[in-house]
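Chain letters run A, B, ... following the sequence lines, proteins first, then strands; residues in each count from 1. No hydrogens, no waters, no symmetry mates; every other heavy atom, side chains included, goes into these values.
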Amino acid sequence: MATSNFGILAKGFISGAVFTVSISYPLYLQQKRGTAPVKTDDARSPLFPFGKPTDLRQVIDYTGHTLCYDVARKQPLWVSEILTKESLKGRANRKQSKFRVDDQLPEGTSATNGDYHKSGWSRGHMAAAGNFKSNQQAMDDTFYLSNIVPQNIDNNSGFWNRLETYCRDLTEQFDKVHVISGPLYQVNDIVGDKKFVKYEVIGDGRVPAPTHLYKIVAAFNEGSPERTAVAAFVVPNIPISREVSELTKYEVSLEKLKSLTGFSFHPQLPSQTTTNLCVSDRNSCKLKSWEELELYFAMKKVKYAKSQKDIDTAVVTLKDNHVKFDQKLLSQIEKKQTELRHATNA
DNA sequence: CGGAGTCTCTGT
DNA sequence: ACAGAGACTCCG
């Protein structure tokens, strides 16, 4: 028994019946407050004769990501993943995956698709599906609703999508890119000198829609993990202009994020030798332009076009947005058109 | 890449 | 009659 000799006796009543509990606790609990750390992992204490509150939060490992689940909010607190060139290569297809209730969670604590349906909010991945092209199972796992938060759809497919793309592109400069993502509930409404945190809750499950999302990016090379380049970002969960490409606009310090989340991320990271990602990265945390993404969309549309009409609409979309055609797209269009001609002739 | 909504079919 | 799965179409 790892207790001291300073046992005390507690007495009380439960439903009229007398109970007597002998409680032993370490000497340091008797010390003055502030002079020593209070041990919190001891289940017995004078103030908690029936045991200290237990925490339902749990950390779960999936095929490609690990998350800490917030039972009360029915969404993750943080989600961790590691990107490499290899993990981004492959044929896994998100069309094969389905959003679904996570049966690994405690009974009744998972959000449902019904909560999100017609809510006006999209189902935003924290660990991104596109980060697991190499493994269909890993991609499928990201579709568990344990990895999902209510996200503004324009933010999701726009700025946040560009941020995820930025993380993937970092694998061209670093062996490994470690990413932690999660929701935040921050002041988003100020009236006079009063500040408010206002957020919607959706569905029968009353799933809260976060005001912000955060992402911590730590990129390093295999041989020198002590020279990690790291940065953290807090992005409001609202549409963000396509013109914004400076990720530094949303950069915060790790210390700041610690106070916002209550989690100390990367506690082992030696801060003396790490560098700021937005300085080390040769792109200086500059996101790809929206035009580049439009070009990418067009490429896909042409590639899977079933008729000339599909190609035309893709082209019109680009012209509407004043996006310059690059050579790859032009040759892709030519290729597709001859392909379609052969199809009609046969 | 990131999503949504609608329709049809099927099983209870 | 209603719920879920799958195919299909659409958007940024």
Show every donor-acceptor pair shorter than 3.5 Å between a side-chain atom in residues 250-263 of chain A and any protein atom, with sequence neighbours excluded, or say none if there are none.
unit_1	atom_1	unit_2	atom_2	d
E251(A)	OE2	N276(A)	ND2	2.9
S253(A)	OG	K256(A)	N	2.9
S259(A)	OG	K256(A)	O	2.7
T261(A)	OG1	L257(A)	O	2.8
T261(A)	OG1	F263(A)	N	3.0
T261(A)	OG1	F263(A)	O	3.4

List, one per line, each side-chain donor-acceptor pair under 3.5 Å for residues 214-226 of chain A, sequence neighbours excluded.
unit_1	atom_1	unit_2	atom_2	d
Y214(A)	OH	L77(A)	O	2.9
K215(A)	NZ	S181(A)	OG	2.8
N221(A)	OD1	D175(A)	N	3.0

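Regarding L163(A), its CG atom lies at a distance of 13 Å from the P atom of dG3(B), rounded to whole Å. E291(A) places its CD atom 21 Å from the P atom of dC1(B), with the value rounded to the nearest Å. Atom CG of L287(A) is separated from atom C1' of dC1(B) by 14 Å (rounded to the nearest Å). W160(A) has its CH2 atom 13 Å from the P atom of dG2(B), to the nearest Å. What separates CG of N237(A) from C1' of dG2(B) is a distance of 14 Å, to the nearest Å.
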Letter per nucleotide, 5' to 3', of nucleotides 6-12 of chain B [B base touched, S only sugar-phosphate touched, - untouched; heavy atoms, 4.0 Å]:
S------
Do nucleotides 4-12 of chain C as a string where each nucleotide becomes B, S or -: B if the base has a protein heavy atom under 4.0 Å, S if just the sugar-phosphate does, - if no protein is that close.
--S--S--B
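Residue R162(A) is classed as having no contact, given no heavy-atom separation below 4.0 Å to the nucleic acid. Looking at heavy-atom distances under 4.0 Å, Q151(A) makes no contact with the nucleic acid at all. Contacts of S122(A) with the nucleic acid, taken as non-hydrogen atoms under 4.0 Å apart, involve only primed sugar atoms and P, OP1 or OP2.
OP1 or OP2 of dC1(B) has not a single side-chain nitrogen or oxygen of H125(A) nearer than 4.0 Å. Contact check, R94(A) against dG2(B): a side-chain N or O comes under 4.0 Å of OP1 or OP2.
A salt bridge does not link D326(A) to K328(A): none of the charged nitrogens lies less than 4.0 Å from a carboxylate oxygen.
Legend: residues meeting salt bridge (charged side-chain N to carboxylate O under 4.0 Å, His left out) with K286(A), ordered by chain and number and at least two apart, are E246(A). When the salt bridge (charged side-chain N to carboxylate O under 4.0 Å, His left out) test is applied to K301(A), no partner is found at least two apart in sequence or on another chain. Residues satisfying the salt bridge (charged side-chain N to carboxylate O under 4.0 Å, His left out) criterion with K288(A), sequence neighbours excluded, are D169(A). R242(A) pairs by the salt bridge (charged side-chain N to carboxylate O under 4.0 Å, His left out) definition with E294(A), not counting sequence neighbours. For T313(A), there are no side-chain contact (heavy atoms from CB on, under 4.5 Å) partners two or more places apart in sequence or in a different chain.
Side-chain heavy-atom separations under 4.5 angstrom define the hydrophobic clusters, and the remaining members of the one that includes I190(A) are Y185(A), V187(A), V197(A), Y199(A), V201(A).
Taking the nucleotide of DNA chain B with the nearest heavy atom to each of G120(A) and N93(A), the more 5' of the two is matched to N93(A). Two residues, Y116(A) and A92(A), neighbour DNA chain B, and the one matched to the more 5' nucleotide by heavy-atom proximity is A92(A).
Here CD1 of I240(A) is found 9.0 Å from CG of N237(A). Values are rounded to the nearest 0.5 Å.
Sorted by first and then second residue, the ring-ring contact (aromatic ring centres under 6.0 Å, His included) pairs involving residues 81-114 of chain A (not counting sequence neighbours) are F99(A)-H125(A), F99(A)-F143(A).
Less than 4.0 Å separates DNA chain B from at least one heavy atom of each of the following residues of residues 131-150 of chain A: K133(A).
Shown here for T273(A) and R227(A), the closest heavy-atom pair between the two residues is O-NH1, 3.5 Å.
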